[in-house]
K.L.:
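Let me give you the structure first, and then I'll get to my questions.
Indexing begins at 1, ligand by ligand and atom by atom, following the structure's order. Residue numbers count from 1 along this sequence. In what follows, every heavy atom counts, from backbone to side chain, and hydrogens, waters and symmetry copies are set aside.
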Amino acid sequence: MLRSALLAASRSPSLRTVVEKLPPTRTIIDRFVAGDALAQAVAVCDSLVASGCRVTLDHLGEDTLDATQATATAEAYEKLLAALKETGLAANADVSVKLSAVGQFLPADGEKVALDNAYRICAAAADTGTTVTLDMEDHTTTESTLGIARELRADFPWLGVVLQAYLHRTEADCRDLAGAGSRVRLCKGAYQEPASVAFQRKREVDQAFMRCLEVLMAGEGYPMLASHDPRMISHARQMAERHSRRNDTFEYQMLYGIRPDEQQRIVTRGDTMRVYLPYGQAWYGYFMRRLAERPANLGFFLRALATRS
Ligand code: FDA
């Protein structure tokens with residue numbers, strides 16, 4: 001119930017306006033977001049890299065219906081990639097992009113605008129010497145996102161895509177995308193989806209995650225295991241051993257601010273740990289999905305609000 005309400009709230013423009021105007025609750029938001037500005041993102045990225053992690057940076061934004069905003073987001077990524085090059089962080093940091101932030105939902109030619117903007121970002125990443133991964137949004141975008149990824153991969157074969165284990169289709173998508181060189185980030189899925197397309201129970205989602213991971217680990221690509229779940233992490237390790245995968249042929253990924261001790265433990269044991277690091281002013285949708293994943297986070301947020309008012 002609570003999860004559904006929070007996920008519905010994450011897509012509500014009117015609630016977004018109200019929540020973004022609430023008294024500053026930076027402490028709780030900063031737990032998940034590097035800050036508003038590029039310089040803050042680069043500073044946090046630098047400290048994560050110094051601690052042995054790799055990083056994927058996300059310029060926050062989604063669901064844009066404004067072509068100018070979509071272009072501005074592509075430009076923000078170009079600036080970010082230039083900063084990664086200048087600071088020498090590109091060897092350990094790449095970027096993650098939501099196609100809805102670069103125009104996918106624009107009426108008429110949204111897919112074309114998103115493809116063109118994503119192409120610009122990929123070209124800038126190639127120039128910087130790093131990579132891009134396309135985030136996956138709700139199921140109405142899956143086919144379009146995978147189609148755009150296919151087109152981009154013709155010129156940028158290193159382009160990564162996210163697959164969400166909760167979707168019924170994903171095991172088959174994993175088989176399609178398990179070929180040599182294919183970078184796939186597997187997550188459980190963070191959106192509210194109907195039973196017609198997605199598993200609803202946690203146990204079913206976890207089992208689907210393990211089946212999908214098995215397909216990716218058995219394949220020839222580069223699996224990116226995006227989960228904070230200790231069971232998924234331990235299964236991944238066993239699968240890697242069973243498939244004789246060296247630890248530079250797959251990686252673990254977690255969100256900034258979630259289980260940082262476990263992130264360090266994975267680094268210390270010699271595996272690759274990449275932290276997903278969002279920054280920018282459009283934190284609302286991202287933050288609400290993090291609240292929905294863990295009701296305890298909502299408690300912290302409400303307490304922060306209460307003590308500020
Ligand atoms: P699960 O939700 O079962 O949580 C396992 C444990 O992790 C919890 O018991 C708790 O300890 C901890 N935990 C999980 N979420 C937490 C939170 N918000 N706060 C505090 N603790 C928490 N989704 C999507 O639909 N599209 C996408 O493109 C991406 N991209 C993405 C990238 C990366 C790098 C990660 C790690 C995740 C995503 N996600 C995503 C989100 C993903 O789908 C999923 O919602 C979250 O990772 C939570 O699922 P877990 O696998 O962590 O398991």
K.L.:
One thing to verify: whether R231 and D229 come together as a salt bridge, which I'm taking to mean a side-chain N less than 4.0 angstrom from a carboxylate O.
P.N.:
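No.
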K.L.:
Which parts of the protein, at residue level, reach under 4.0 Å of ligand 1 through a heavy atom?
P.N.:
R31, D135, M136, V162, Q164, R185, C187, K188, G189, A190, Y191, K202, A226, S227, H228, D229, Q253, M254, L255, I258, Y276, R290, E293, R294, N297
K.L.:
With side chains defined as the heavy atoms from C-beta onward, is the minimum distance between E262 and H228 less than 4.5 Å?
P.N.:
no
K.L.:
Report the residues that fulfil salt bridge (Lys or Arg N to Asp or Glu O under 4.0 Å) with D94, sequence neighbours left out, ordered by chain and then residue number.
P.N.:
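With sequence neighbours excluded, D94 shows a salt bridge (Lys or Arg N to Asp or Glu O under 4.0 Å) to R183, R274, given in chain and number order.
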K.L.:
Within this structure, what is the OG1-CG distance for the pair T142 and L163, rounded to the nearest 0.5 Å?
P.N.:
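Here the rounded value is 9.0 Å.
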K.L.:
Side-chain contact, heavy-atom cut-off 4.5 Å: R290 with L255?
P.N.:
yes
K.L.:
Hey, can you tell me if F199 and H168 have their rings parallel, tilted or perpendicular (30° and 60° cut-offs)?
P.N.:
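Geometry flag for H168 against F199: perpendicular rings.
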